[in-house]
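As the structure lists them, so they are numbered: ligands from 1, and atoms in each ligand from 1.
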Amino acid sequence: MPLEQENILIVDDDVQILELIQRLLQSLNYHTYKAISVKEAIAILQDQSIDLLITDLQMPGVDGLQLVKYVSEHFPEIPKLAVTGFPSIDGALKAMKSGVMDYLIKPFTKEELKNAVQKSLALSQKPVQKTKRKSQGNTVYSEIIGQSESMQNVLNVIDRVKDNKATVFIKGESGTGKELVARAIHYMGRFSAAPFVAVNCGAIPESLLEAELFGYTKGAFTGANDNRSGFFQAANNGTLFLDEIGNASMATQLSLLRVLQEKEIMRVGSQKTEKIDVRVIAATNVDLRELIKNGRFREDLYYRLSVVQIEVPPLRDRKSDIPLLVDKFLFKYGVEYKDRIIKISDEALLALERYDWPGNIRELENSIQRAVIMCDKQVEIGNLPKHLKFQIDFPKQDTFLSLKEVERLHILKVLEATKNNKSKAAEILQIDRKTLRDKIK
Ligand SMILES: Nc1ncnc2c1ncn2[C@@H]1O[C@H](COP(=O)(O)OP(=O)(O)OP(=O)(O)O)[C@@H](O)[C@H]1O
Ligand SMILES: [Mg+2]
């Protein structure tokens, strides 16, 4: 029996099941919280320190999969156990991908529940020190790290649009956090209990995009054996995030324009319109103005989409955020892989700050993830990818370096140029190899 009772949050729209699971868990000496909707669940998660989430997958409105995804993003340390009545390979795969660790198929016995709960709790990767989360309603904000002025501007705009339904257009290089910003707008706002549906327009074949977005009627095309809803219907009352909007065909663009103007959609194969209430957030990492010039993007749609524009700055333009981001990822992956908080040496941090990050935050995150796996207790320069170990950019002219620092940078530069060949480097520097070795140390 655990010394400290573990807190388990149970989410199911079926009150009878909810109470049944609660009774069983209480008899096993767990402390339980109940929620009959995702909205309630999120409120509890923000307020309480939860050790395990048990959720139904099929629920009206925002479903369990979206809750699992939310928890994976915002409370990655909480293990997730899914309860489902209709196991399907497709559903199981989706659930696993969103972070579900185990499955419980209805109906189940007390013994099966006990085993699944114990297994999930054992797999949990709780932070070393369990801290009580305070109710502050800003968990998504706390996900977005950015003290730099440019990121503070982004946070300001998020704050201004989160409670209305204005269309938002997010620009930014790959990996800068466009999707995170879109999610923050949704989950921070008044409509957070409604669905957030993300569609990558670049990943769906052009010929299918329209049917996927607006749904279709039976017989609309070969293979359309049923009436089906699209992403717009799925996102009704909530947010539809259209990622890589530059990939939408001209026909789809025209339909989108109509939705934004008329707030109604037409399924493929139907002449009937359906009213729809969806906030659209579109994102792109390509220059739409270029596409407009080349006749590949409608200018009128561009203006409709960009009622509010957010430009997420590349990481190289906000290097002051690097230490905080590094901390966040060290924490995340330290807990995940090493069960402890991992540190970083000054030298390694300096190398991270000097690098230009063409892949932005995603590249930084991947580098730290890898470094944490490779290091012992602390990330050293040797744990970082080669190409950034020796990237030296001299600080801007207005900062003066000490002789020692200039020497250090010069040695690193020569090592980079010689691909780390110490004999060659020593020759260029006109010092012997031992001196060079000492200096490198
Ligand atoms: N400001 C931030 N603070 C913390 N983490 C961030 C921040 N911005 C982005 N991330 C993390 O970096 C990763 C990439 O972010 P995201 O997927 O939102 O980028 P993107 O701009 O949509 O990229 P792409 O154009 O490639 O789709 C995610 O894991 C995200 O959580
Ligand atoms: Mg993205």
Side-chain angles (χ1 to χ4, degrees), residues 66 68-77 97-99 138-159 162 168-188 196-204 231 239-248 280-288 290-291 305 309-337 344 352-353 355-372:
Q66 304 212 33
V68 166
K69 219 166 161 213
Y70 174 87
V71 173
S72 299
E73 279 170 8
H74 302 287
F75 307 103
E77 75 280 14
K97 259 174 104 177
S98 8
N138 66 354
T139 40
V140 192
Y141 271 144
S142 62
E143 280 282 299
I144 303 187
I145 291 189
Q147 296 289 328
S148 58
E149 204 184 319
S150 51
M151 276 312 284
Q152 287 298 316
N153 289 339
V154 169
L155 291 175
N156 270 334
V157 182
I158 294 176
D159 205 41
K162 67 187 191 339
V168 181
F169 181 60
I170 308 176
K171 280 201 281 199
E173 289 177 15
S174 184
T176 44
K178 295 184 294 298
E179 180 155 356
L180 194 63
V181 167
R183 285 179 189 278
I185 293 172
H186 176 81
Y187 286 108
M188 291 306 306
F196 174 93
V197 177
V199 184
N200 183 342
C201 302
I204 299 172
F231 289 120
T239 304
L240 183 64
F241 176 52
L242 297 173
D243 207 357
E244 296 189 30
I245 184 79
N247 284 303
V280 171
I281 303 181
T284 178
N285 55 27
V286 299
D287 186 0
L288 283 193
E290 266 310 297
L291 295 187
L305 288 173
Q309 278 211 25
I310 297 183
E311 199 155 345
V312 190
L315 188 53
R316 66 180 166 281
D317 289 349
R318 46 171 161 137
K319 286 194 169 182
S320 59
D321 287 338
I322 290 180
L324 287 174
L325 286 161
V326 169
D327 266 359
K328 172 188 158 138
F329 298 134
L330 283 174
F331 180 84
K332 177 173 170 190
Y333 293 108
V335 168
E336 183 169 341
Y337 294 118
I344 183 162
L352 295 175
E353 287 175 306
Y355 183 58
D356 261 352
W357 302 108
N360 293 296
I361 301 188
R362 183 171 300 110
E363 186 187 4
L364 174 66
E365 180 166 358
N366 291 345
S367 304
I368 302 284
Q369 181 179 10
R370 179 182 172 278
V372 167

Protein residue, atom and distance nearest to atom 4 (C) of ligand 1, heavy-atom basis: E143 O, 3.1 Å

Is G177 close to ligand 1, meaning an N/O of one under 3.5 Å from an N/O of the other? yes

I361 N/O to ligand 1 N/O under 3.5 Å: no

I'd like to know if the side chain of K178 reaches the main chain of G172, judged simply by a donor and an acceptor atom lying under 3.5 Å from each other, with no hydrogens or angles considered. yes

Are D321 and K328 ion-paired here, with the side-chain N under 4.0 Å from a carboxylate O? no

Nearest protein heavy atom with distance in Å, relative to atom 14 (C) of ligand 1: R362 NH2, 3.7 Å

Does any part of the side chain of T176, heavy atoms only, come nearer than 4.5 Å to the side chain of L315, both counted from C-beta? no

Contact between ligand 1 and G175 is defined here as a heavy atom of the residue under 4.0 Å from a ligand atom; is it met? yes

Under-4.0 Å heavy-atom contact with ligand 1, by part of V181 that carries it: neither

Check the side chains of N366 and E363 for a donor-acceptor pair under 3.5 angstrom, ignoring hydrogens and angles. no

Atoms in ligand 1 flagged as close to N285, the criterion being non-hydrogen separation under 4.0 Å: 25 (O)

Would you indicate which of E173, R183, K178 comes nearest to atom 20 (P) of ligand 1 when only heavy atoms are counted? K178

Between Y70 and Y187, what is the ring plane arrangement, given parallel below 30°, perpendicular above 60°, and tilted in between? tilted

Determine whether the side chain, the backbone, both or neither of K328 has a heavy atom under 4.0 Å from any heavy atom of ligand 1. side chain

Starting from atom 29 (O) of ligand 1, which protein heavy atom do you reach first, and at what distance in Å? E365 OE1, 3.0 Å

To check your reading of the model: name the closest protein heavy atom to atom 2 (C) of ligand 1, its residue, and the distance in Å. I145 N, 3.5 Å

Residues E173, R362: salt bridge by 4.0 Å N-O rule: no

Check this for me - ligand 1, L180, N or O atoms closer than 3.5 angstrom, yes or no? yes

Check for a donor-acceptor pair, side chain of K319 on one end and backbone N or O of Y355 on the other, with a separation under 3.5 Å. yes

Step by step, would you call K171 with I310 a side-chain contact (heavy atoms from CB on, under 4.5 Å)? CA-CA 6 Å; K171 280 201 281 199; I310 297 183; over 6 Å; no

In the structure I gave you, are the side-chain heavy atoms of E179 and I281 within less than 4.5 Å of one another anywhere? no

Looking only at protein heavy atoms, which one is nearest to atom 22 (O) of ligand 1, and how far off is it? E179 N, 3.2 Å

